[in-house]
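Worth saying up front: this structure is predicted, and the values here are computed from it rather than measured. Proteins get letters first, then strands, A, B, ... in listed order; numbering begins at 1 in each.
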Amino acid sequence: MSSDGPTPAERFLRGILPENPVLRQVLGICPTLAVTNTMEGAVTMTGAVLFVLTCANVLVSLIRPLLKPHLRILVFTLTIATFVTIADRLLAAFLYDMSRQLGPYIPLIIVNCIIIARCEICASKQPVRTALMDALGQSLGFGLALCALASVREILGFGTWFGKWLGWRVLPVGLSERVWAPWTVMILPPGAFIALALLLGAVNWATARARARKEA
Amino acid sequence: MTRSPHGPVPREAAVTASAPAPVAPAVSVAPGPHLHAAASTQRMMADVLVGLAPLVAVAVAQFRQHALFQMAIASCSAVVSEWLFARMRGRPATLWDLSALVTGLILALSLPAGAPWYAGAVGAAVAIGLGKAIFGGLGQNLFNPAMVGRAFAMISFPAALGASAYVSPSLGIEAVTSATPLTAFKMSGQVTPIGPLFLGATNGSIGETSALAALLGGLYLCFRRTAPWEIPAGAILAMGAAALPGLAGGGTTWTLAHDLSAGAFMYGAFFIATDPVTSPLTPRGKWIFGAGFGLLVAMIRRFSGYPEGVMFAILVMNALVPLINRGTIPVPVGGPAPQTR
Amino acid sequence: MKRNPILDAWLVIALSAGFGSSLAAVQAALKPRIEANKLCDTLGQVPVLVTSATRAEKVVVGDRVYYRALDAAGVTVGWVVPASGQGFADKIELLIGLDATASTITGIYVLDQKETPGLGDNITTEAFRRRFLRKPADVPLSVRKDGAAAAHEIEAITGATISSESVVAIVNAALRQFAGQLRSGAIRPGGIP
């Protein structure tokens, strides 16, 4: 990386696709697989990660002159754990249903590599504005991947999209079982693995094609 | 048979030795022994199709257009997927070795007559894609593709393939108005008479109802050496052994003959467990594999929530094949090779 | 130069103190709300499970918790009995609603279950739960696969006999225990304000 590095705006954009945390860095796979059987789960998880990542990045960036190399990981973990606990309590208080549905996956954000990676790579070396934009971009990229996966899984598995919050049905209600039935495996863990693998494959394929076209 | 390392090498060996490289080396030297067998994939698959003929005949006689529908859907989906996946991998499509057709047909014969179209279509596509192509194509797969496809379809659409899916009076076929013999026995202790059970006048997956047809087709396969006889023999012996404690207790009218004739046991033992790719290589290993399969089926039928266990038994035993192979390496003539340091 | 490890870690210590107190503040601020949510989840079912109930109060007997359903005037109009037990896949947690004399089931609700999606998880559906309505609470229920005939019979879900049987077994066990508590006088019977 040059001494200038990417501008804050560039960092924001990079997080969304070119350096998407799930699709390009393949980080944070545990929540990606676990909570994406409904759009509600994906959106809530994204919100929680957005909150934790933004707060952690900003705070770490603020105290970066004080960080000692051998204690920095400890400080990151401490910071992240605090904000995760706050997010968990907030969800339990204001979105109790989602908190019950996501179960242990909200507390597990503490060990989500995306956040500690951003603290290490960006926030501990960059000014607050850069760290903030970086956090927003990465969270949006994370949310994009989660929503893509959840759309596929919820539509195939339940026949709905935002079924619990908005009640949108994709498949007509009285559809005969002879024509099509909800694809149960898509809401189970194997469906998550299969859908994520296909999504990663598709992204790799598209990237390779785009690169080939640029070179040609 | 070629003994000389410089002699012509069987095509299969040469292909395996240089599989990743597009250009064959000028001189290919494969390690001996260079046995040349007349068996080709195509001949074996054609044998399996002939062996399946009695089952197909019984299926069509019993379930009429519904059987034809299941077979057409699953076979078409399997062949199309084979072509598609071969294209995606940049390999020539090997449709003429008939293996995709056999996979599709074996899957179709394990479906209930009333299964919706997507069960067979998705099952066959997954069988070829996730069951075979992902591992590197025919000969590289760990699990029997048809059973992978069926297992996937079953967890995808439990309502379409579970025990309740076998009862669909709306089809207008007499056999499917009552529960399958295994479900009836499991749920209400009702014993189906052995005659219809053996001949195939009962409900079940379209290809499994007649133990007689499976036995006929299966013996043909064993006679042609397309299927190793050790596997079904081991399975039947293990089933017999598992029935012994029941005999000692006495009193039940569900006999060993019922266990052997009911469900997909004969079909599985002769046609699915004998898949040469996913069964052990050594004769001793084949005995172990067959016996393990029979024992697992007996255990799942007796102690689990499922009435039938052929699919799970095959998949579990498939997973054990590498271990069985390693444990049953035959000792060469003259004792084991001396250990080199 | 030897450095003092405590001084070296002053940032960690300061952060810990700061974070700890802010977490305590958050917990203190949100705790009533979270507790209310949890109770609400259970009590919110009371009016659904027991007709004409408007609120409920906790009755603790040993390690068991029951809820007495009260109407607006404070008269006991029924009971809510939490129950749990092994299902096909994992533990099933239920709430069972009873009338004031604990002789008839007025509703059941599934709090938590992990049964097979598409088959066993149909125990949460209204259609299945309605099969328990007006069933006697004083005789053990039993499962029928081909439509309930007698008063104490529950029709199983097609393709999910084991889940259906589990729910019935859990209901039977919980009601037997609850009836025992009522008989022994550990719980003040209903009907008296």
| task | Using a 4.5 Å cut-off on heavy atoms from C-beta on, say whether the side chain of C/L11 contacts that of A/K68. | result | no
| task | Assess whether atom CZ of A/R129 is packed by more than 12 heavy atoms of other residues, nucleotides or ligands within 6.0 Å. | result | no
| field | Contact summary for A/R89 and C/V26, nearest pair of heavy atoms | value | CB-CG1, 4.2 Å
| request: Measure distances from C/V12 to the heavy atoms of chain A and classify the residue's part below 4.5 Å as side chain, backbone, both or neither. | output: both
| So what's closer than 4.5 Å to chain A heavy atoms on C/Q27: side chain, backbone, both or neither? | side chain
| Does the pair A/L59 and C/F19 meet the rule for a side chain to side chain contact (heavy atoms under 4.5 Å, CB included), with working shown? | CA-CA 12 Å; A/L59 195 99; C/F19 287 156; 3.5 Å; yes
| request: Examine whether an atom of A/L74 lies under 4.5 Å from a heavy atom of chain C, and if so say whether it belongs to the side chain, the backbone or both; otherwise answer neither. | output: side chain
| Does A/I63 reach the side chain of C/L15, with side-chain heavy atoms less than 4.5 Å apart? | yes
| task | Sort A/T79 into side chain, backbone, both or neither according to what part of it lies under 4.5 angstrom from a heavy atom of chain C. | result | both
| Which bit of C/A36 is near chain A, if near means a heavy-atom gap under 4.5 Å: side chain, backbone, both or neither? | neither
| query | Could you state the interatomic distance from CG (A/D88) to CD1 (C/I34), rounded to the nearest 0.5 Å? | reply | 7.5 Å
| Could you state the interatomic distance from CZ (A/F94) to CG (C/N37), rounded to the nearest 0.5 Å? | 9.0 Å
| query | For the residue pair C/S16 and A/L78, what are the closest heavy atoms and their distance? | reply | OG-CD2, 3.3 Å
| said: How about CH2 on A/W165, more than 12 heavy atoms from neighbouring residues, nucleotides or ligands closer than 6.0 Å, or not? | reply: yes
